[in-house]
Structures are given as C-alpha cells and as structure tokens.
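Quick caveat: nothing in here was measured; it's all calculated off a predicted structure. We count ligands from 1, going down the list as the structure has it; atoms in each ligand are counted the same way.
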Amino acid sequence: MTIDTEATTPTAQLDVAKVRQDFPILQREIHGKPLIYLDNSATTQRPDSVIDAMSDFYRTSNANVHRGVHLLSEEATDAYEGARSKVAAFLNADSTQSIIFTRNTTESINLVAHAWARRHVREGDEILLTVMEHHSNLVPWQLLAQERGCKLRFLDIDESGHLQLDHLDEVLNEHTRLVALTHVSNALGTVNAIPTIACAAHSVGAKVLVDGAQGVPHGPVDVQALDCDFYAYSPHKALGPLGIGVLWGRRDVLEEMDPFLGGGEMIRDVTLERSTWAAVPHKFEAGTPSVADAVGLGASIDYLNELGTAAIRQHEVRINEYLLGRLRELPWLTVYGPQDPHDRCSLASFNDNQIHAHDLGTILDQHGIAIRAGHHCAKPLMRRLGVMATARASFYVYNDLDEVDRLVDALFEARKVFGLAT
Ligand code: PMP
C-alpha cells in the first residue's frame, strides 16, 4: 500500500498545538464555543502560508501565463509551472508534463471520461466500478454507458467495509476497458488495495483510474507504486485552495488522447477550418488557468512536506485508535467501515440508533462542532448499508485527541436533548 497503513516507521510526531497556530480560522467561535472543525473530508482549512502565497501573487506578480513577453507574465508562468513541478514531485509522477490542472477531482474524472473513454469504450465493453464510489466517479460513467451502450459492473464490499477482492475475477474479464475506483472511501474511511486491483485490471488489458480525493490528504501517495494509469485529486481536501484540481496520467496514455475542452492555450496551430493540439499537459488546459490557485497549491504542498506525509499518517492512526475506542463506549452508536485503526483514514461515519444524522449534525453545531450529515454523495453505498444517511466526523492535521472527547461529550448531550438513555 502506498498509504502507509501500518505506520510502522517511527517518524516525528506532529506538534498539533503548533500546527493549529498556522490556521487563522481555528480562532473562530461558533455559537459562542471554540470551533472544532471535523468536516475535513468535505474540505480542509488553509494555513497562513497558503493564504499569503495567493494574496502575494495577486499583489506582486499577477499576469496571464504563457503568452506574455513582459516580466510579470514570465513570473506568473514560472509560478504556475513551478506548482506543476511541486505536484509532480509530491505524487512521484514520472514527468511534470503528466500533471494536468483542472478545477477539481470531478472535472479530472470527466476529462478522462471524455478524452480517453469516448475513444476507447464501445458497445459491449465493460467498466468496473465499486459500490463505494462518490457520485463523481459514478455519474460520468453512467453518462458514458448511456451514450456508448457499454456495461457498468460493480465490486461489492463485505460486512467490514472492505472491497471483496476475492470476487475480482468474477467482475473482470476481457471486455473490461477501465477499472475506476476510489483510493479511500469518503463515507467508510476504507483504504483500498490499489496495486492489487491494478495488477488484476492490467492482466485483462484494462486501464485503471483512481479517485484520489480522499487518498492524497491522508498519507504519501506514489502514483507509480500504485501502478494506476490515471490519478485524480482535489487540493482543497489537503490544505490547498478551492477551485483547482489535479489529474495525473501516464504520459503515453495522455499523449494519444483527444483534447477535452477546446479554446486558447491548448492549440499548436489554428486555421479557419481546423486546429492541431499543443503538447501535454497544455492540450488539456484550455483557457486562462487558475494561476493564483496553483500558487496556493504549491504552498500547500510545501506545508505538507514540512509536516511530513508519514507523520501525517501516523497522526491519523493515533486519532483513529482513540476515536474508535471512544465511540465503542457508546452502545447506541453504529460505526461503519473497517474497525482496525491502521486500515482506514481518520474519519468516522456513524449513526445513533434513535437520532437522525441531520439532527445530530445540528445539535453538534450548537456545541461549535462542524461535522457532515447526509449521504456524502455516495447514495448507492448508503443503500448498500441500508441507511438513508450517516453522521461523519473527519479529522486532519490540526485536530487533537481532546476534540475527540468534545465530540463524544456532544454525542451524550444529543441523547439528553431527546430524553434518551445513555
Ligand atoms: N471523490 C471522493 C471520494 C470525494 O470525497 C470527493 C469530495 N467529497 C470527490 C470525489 C469530489 O471532489 P470535488 O467535489 O472536489 O470534485
């Protein structure tokens, strides 16, 4: 696994008190209580260094990229392309040219659905997904299936929330063109065995797309070791800005793909009748890009590297051990997903047997605790679990064990509000 789920290597522990000082929003009070931000799987907060990098860009170097002949434009281009190099190193990508900037994970996946799959997937072909996918990695393939007449197949989960890898042979065959699955489940926390699945997919000639929206925030990601063909993620879930996304693809695969969007920046030559395309990655980046967001993304990678991705993973395991232990003390709570703290990212998806998840979310908010309640854009998974919704508390680098206790206290309080036994 390239997320070090065993976390066996001793690394420096995160100094959470120090980390917290870097995040101005954590000084806020919500309903008169200190903010406890446990909605990190939806989006994380940003440190000063990211906010400053973006505002410095606008204050000192703002210009459009690639086509200017003046110094500001050169500086902006260097900053934009410098961010691409940082992402490439962060993901251990084979080349900087294989990093494409998009708007978010959703757009990265749609790019592959349009620019790769529409050329390679025909009637009678199959795409393998899993029942735990976020709608972002489901709906684009449904649209493709409607258009192309291909078939969608699904790998199921077992009772512990793991994919049923022993059934992989039954759902993969010579018709499978693509296996598209999440690295880490946003609703269960399960970390999937990507290299094992990629090996099986490649053995039948299928390509592998990994939805890394929840993978990148939670530990070192090495796209080459994962052995996938595409890896998509949203920097806003790992301390970066909203509004920029990343797609890594194997260089040879990207090179033979069609463009996604047409317009300026992505062409080599244009006549009135036709056009030829720029080299990758620019072939996939039509129009003016989000330069300041790329600069912020670069700063977020610097920050994560300073903390150390292995240390982040160890912090998560520590949170998980404590969180799962504390939640097990509440007999009225069902906690979904793997029970081994090493086997999941630091989120807990749960239900009180008497209180609706939305009510829990509202009561916790009164205590200053931000969690998410709902289907987490994974409606098929909710159906598979037999629930309409869950409450989800997701932790990150600035959350500490004390906040786990505050969450548990508030879950007791919710029982009191409804006059239920504890
Ligand atoms: N996949 C997963 C697993 C996610 O958790 C999310 C965000 N909730 C997405 C995809 C979509 O990310 P975005 O909205 O940034 O495109």
I'd like the atom pairs linking ligand 1 to the protein - N or O on both sides, separation under 3.5 Å - with distances to 0.1 Å.
residue	atom	partner	partner atom	Å
ligand 1	1 (N)	Asp211	OD1	3.2
ligand 1	1 (N)	Asp211	OD2	2.5
ligand 1	5 (O)	Gln214	NE2	2.7
ligand 1	8 (N)	His134	NE2	3.2
ligand 1	8 (N)	Lys237	NZ	2.8
ligand 1	15 (O)	Ser234	OG	2.7
ligand 1	15 (O)	His236	NE2	2.8
ligand 1	16 (O)	Thr105	N	3.4
ligand 1	16 (O)	Thr106	N	2.9
ligand 1	16 (O)	Thr106	OG1	2.5

Exercise. Check the side chains of Asn186 and Ser41 for a donor-acceptor pair under 3.5 angstrom, ignoring hydrogens and angles.
Key: no
Quiz item: What do you reckon, are the aromatic ring centroids of Trp248 and Phe90 less than 6.0 Å apart?
Solution: no
Exercise. Using distance alone, with no hydrogens and no angle criterion, decide if Tyr231 and His183 have a side-chain donor and acceptor under 3.5 Å apart.
Key: yes
Quiz item: Measuring from Arg318:CZ to Leu323:CG, what's the distance to the nearest 0.5 Å?
Solution: 13.0 Å
Quiz item: Under the side-chain hydrogen bond (donor to acceptor under 3.5 Å, both in side chains) criterion, do Asn173 and Glu126 qualify, and how do the steps go?
Solution: CA-CA 8 Å; Asn173 59 56; Glu126 296 184 3; 3.1 Å; yes
Quiz item: Can you list the steps and then say if Thr182 with His134 is a side-chain hydrogen bond (donor to acceptor under 3.5 Å, both in side chains)?
Solution: CA-CA 8 Å; Thr182 192; His134 187 282; over 6 Å; no
